[in-house]
Amino acid sequence: MSDISECLRAMKIYVDDGAYFTVNRARQYGKTTTLNALKRKLENEYTVFLISFEGIEEEVFADTGSFCVRLLGLLHDTLNFGEVSGIPEDIREELYQRSVGVSQEVSFRIFTNMLIRICQNADKPVVLMIDEVDQAGNYQVFATFLGVLRDMYLKRDTRPAFQSVILAGVYDIKNLKERIRPEKEGVSDSPWNIAADFEVDMSLSVKGIAYMLQMYENDHHTGMSIKVISEMIYDYTSGYPFLVSRICKLVDEVIAESEEFAGKSAAWTKEGIQAAIRKLLMERNTLFESLMGKIDSNPELERMLYTLLFVGKDIPFNADNQSIMSAAMFGFVKNRGGNVALSNRIFEMRLYNRFLSVEEMRESDIYRASIYDKNQFIIGGHLNMRLVLEKFVEHFDELYKDSEEKFIEESGRKLFLLYLRPIINGTGNYYIESRTRSMGRTDVIVDYRGEQYITEMKIWRGKEYNHRGEKQIVGYLKDYRQTTGYMLSFCFNKKKKVGVYEHVIGDKRVIEAVV
């Protein structure tokens, strides 16, 4: 796949330059898979050791001896099972003896000498790759080990050492630094004065997704439109590898077997992708559990995301804000034009579902009104969006007409989505068009049974502003090849005329609801 190849080429440049670098991407980015592919790519030119601390028993970190013995065992296993060549037999035998505890107790001094001998006697430059660094990052003995590697690497010009060191799964750099160098607590320089972050984008492009689908199509001959499907998957995932793979897996294994689609040809369509996305949004998986866990443990991050989703305010992407940078490292948010943005529509939809499902919202009057109304909006399998707006205006005027302006500005969007959700839940999806968020307006794209309904939500700022908004939604309708669009205007003018009105602008219709 072209995306992975590009990533591997970039990583090999680091190795060829003899770099000591960190890959701080969550496992859902395919980090470990990429490291294994890199190992295979490097093995013609380098002696490569790839070890991982995932699943290592806690007692291994209890003392230096146990830790060093396990490390030597990992190196020995790599030599034996990884078919690493060029290491003399006497070194292999000593590794084995020490790793099984036959030899004397192992200290970091002995361990370092073993590493030096490996680097000295290998027939090719040695590259050390360590995965799941933060699985072990809470233990002082592991921090000491990283310090040993740092010291060895810094002295590489005077004694045998690694060509390159790669640390993967590093997201708690600050704490690792303080454990390695406690005498310089508070110093904000690089953890090892030598490490560079690996900043290549590990997401899949449309081209990369299309390549993957083409390989699938060669085997299954579904007749899918690879261009349409790859673009659609990318639109929802922004190339996040776990989400791309999960949607494809659901289409292949679940949607294609369902009564509604009954076969791969029917499943690999826009409707089949929508069905897979609906299932994805309802399931529990490691990625969503990680996302929600970060939010549950970080109230500041939760407030930020809530503000981003419902209030429509710009949030500057501040590299000194730990909540923002943690969310960015895990791929939940990204820097778009200097502001924080959700990384993809799937995360956005999942977060909307989270915030719109909390107890206080389920108990709200507008939600209960929607539950009571919901059966009247689907006519002949089509969503009657005009009727949705008419009923929303009716309930909003009854429930909130005397509310303060600040309440409406901060809660209007939330109340409409709260009303909309039960109506389309289980059959349709909705997401916010990020290009128009926080421009005084927010466009909601509703997908229902393959049909799209574009609804602009905005705060009324006068007739001229409203006229510009109409022109903007007309342009947006052209982008989406739609003839009818919808507007929901929250107006604070005392003389406003509450209701639903229709405007004809060129060859487009705009149905506007004023509350």
Side-chain angles (χ1 to χ4, degrees), residues 309-312 349 352-353 355-358 360-379 382-433 436-437 440-449 451-461 466 469-470 473 476-477 482 484-503 509-515:
L309 292 171
F310 290 109
V311 182
M349 294 157 72
Y352 272 120
N353 289 345
F355 287 121
L356 294 176
S357 296
V358 295
E360 62 181 277
M361 289 192 176
R362 289 201 301 269
E363 293 301 315
S364 71
D365 292 330
I366 199 73
Y367 185 86
R368 286 198 293 265
S370 177
I371 295 294
Y372 181 80
D373 292 342
K374 68 177 184 178
N375 292 329
Q376 63 187 288
F377 299 113
I378 310 303
I379 303 172
H382 302 278
L383 176 65
N384 188 333
M385 181 57 79
R386 177 170 186 146
L387 183 58
V388 171
L389 291 177
E390 288 174 351
K391 297 299 291 184
F392 178 75
V393 168
E394 177 185 320
H395 293 302
F396 190 93
D397 189 58
E398 177 185 349
L399 296 170
Y400 306 110
K401 64 180 179 181
D402 296 325
S403 299
E404 296 180 356
E405 182 173 332
K406 182 179 179 181
F407 169 80
I408 302 301
E409 284 188 333
E410 295 187 355
S411 304
R413 296 173 176 87
K414 176 183 70 179
L415 292 171
F416 177 68
L417 294 176
L418 197 59
Y419 185 77
L420 177 65
R421 188 184 177 203
I423 297 169
I424 65 171
N425 194 34
T427 305
N429 296 317
Y430 65 86
Y431 59 88
I432 304 301
E433 174 49 56
T436 60
R437 187 204 304 281
R441 48 190 274 265
T442 300
D443 287 321
V444 181
I445 314 299
V446 179
D447 282 309
Y448 192 87
R449 292 188 178 274
E451 295 181 300
Q452 291 183 315
Y453 304 83
I454 301 170
T455 303
E456 177 185 301
M457 295 185 291
K458 63 184 180 62
I459 305 297
W460 177 276
R461 302 296 186 193
N466 194 60
E470 291 175 352
I473 195 172
Y476 209 42
L477 290 173
Q482 301 289 316
T484 302
Y486 305 86
M487 295 178 68
L488 176 58
S489 300
F490 297 94
C491 180
F492 308 117
N493 191 325
K494 300 292 185 182
K495 298 179 181 180
K496 67 184 177 185
K497 294 178 64 176
V498 172
V500 177
Y501 309 95
E502 184 172 317
H503 311 282
R509 283 196 315 150
V510 177
I511 297 171
E512 181 180 16
V514 179
V515 295

For this session: Apply the side chain to side chain contact (heavy atoms under 4.5 Å, CB included) test between Ile423 and each candidate in Val446, Asn384, Asn375, Val388; give the one that qualifies.
Result: Val388
Problem set entry | Any residue meeting side-chain hydrogen bond (donor to acceptor under 3.5 Å, both in side chains) with Glu398, in chain and number order, not counting sequence neighbours | none
For this session: Report the distance from atom CE of Met487 to atom CD1 of Ile511, rounding to the nearest 0.5 Å.
Result: 12.0 Å
Seminar exercise, completed: From the list Ser370, Ser364, Ser411, side chain to side chain contact (heavy atoms under 4.5 Å, CB included) with Leu418 holds only for Ser364
Exercise. Listed by chain and number, what are the salt bridge (charged side-chain N to carboxylate O under 4.0 Å, His left out) partners of Glu502, not counting sequence neighbours?
Worked result: Arg386, Arg509
For this session: Quick one: pull up CD in Glu456 and CD1 in Ile445 and give me the separation to the nearest 0.5 Å.
Result: 10.5 Å
Exercise. Between Arg449 and Thr427, is any pair of side-chain heavy atoms under 4.5 Å apart?
Worked result: yes
Exercise. Given side chains that start at C-beta, do those of Lys401 and Val515 come closer than 4.5 Å, heavy atoms only?
Worked result: no
For this session: Look at the aromatic rings of His395 and Tyr419 and report parallel, tilted or perpendicular, splitting at 30° and 60°.
Result: tilted
Problem set entry | Minimum heavy-atom distance between Tyr430 and Asn353, given as atom pair plus value | OH-OD1, 4.1 Å
For this session: Name all residues meeting the salt bridge (charged side-chain N to carboxylate O under 4.0 Å, His left out) criterion together with Lys374; count only those two or more places apart in sequence or in a different chain, and write none if there are none.
Result: none
Exercise. Rounded to the nearest 0.5 Å, how far apart are CG of Asn429 and CD of Gln452?
Worked result: 11.0 Å
Exercise. Where the side chain of Tyr352 meets the backbone of Leu309, is there a donor-acceptor pair that is under 3.5 Å apart?
Worked result: yes
Exercise. For Met385 and Leu420, which heavy atoms make the closest approach, and how far apart are they?
Worked result: CE-CD1, 4.5 Å
Exercise. Is the Phe490 to Phe396 ring centre distance short of 6.0 Å?
Worked result: yes
Exercise. Who are the ring pair (Phe, Tyr, Trp, His ring centres under 6.0 Å) partners of Tyr367, not counting sequence neighbours?
Worked result: none
Exercise. Is the centre of the Phe392 ring less than 6.0 Å from the centre of the Phe416 ring?
Worked result: yes
Problem set entry | Heavy-atom closest contact (Val393 atom, Val498 atom, distance) | CG1-CG1, 3.3 Å
Exercise. If every non-hydrogen atom of Pro422 is compared with every non-hydrogen atom of Ile371, which pair is closest and at what distance?
Worked result: CB-CD1, 3.7 Å
Exercise. Looking only at heavy atoms, which two atoms of Leu389 and Ala513 are closest? And how far apart?
Worked result: CB-CB, 4.0 Å
Problem set entry | Tyr501, OH atom: more than 12 neighbouring heavy atoms under 6.0 Å | yes
Problem set entry | Set of residues satisfying salt bridge (charged side-chain N to carboxylate O under 4.0 Å, His left out) with respect to Arg421, sequence neighbours excluded | none
Problem set entry | Residues which pass salt bridge (charged side-chain N to carboxylate O under 4.0 Å, His left out) with Asp365, listed by chain and number, not counting sequence neighbours | Arg368
Seminar exercise, completed: Distance col, row Ile454:CD1 vs Leu477:CG, nearest 0.5 angstrom, shows 5.0 Å
Exercise. Are side-chain heavy atoms of Val444 and Tyr486 found at a separation under 4.5 Å?
Worked result: no
For this session: Supply the atom-to-atom distance Asp373 CG to Ile366 CD1, rounded to the nearest 0.5 angstrom.
Result: 8.5 Å
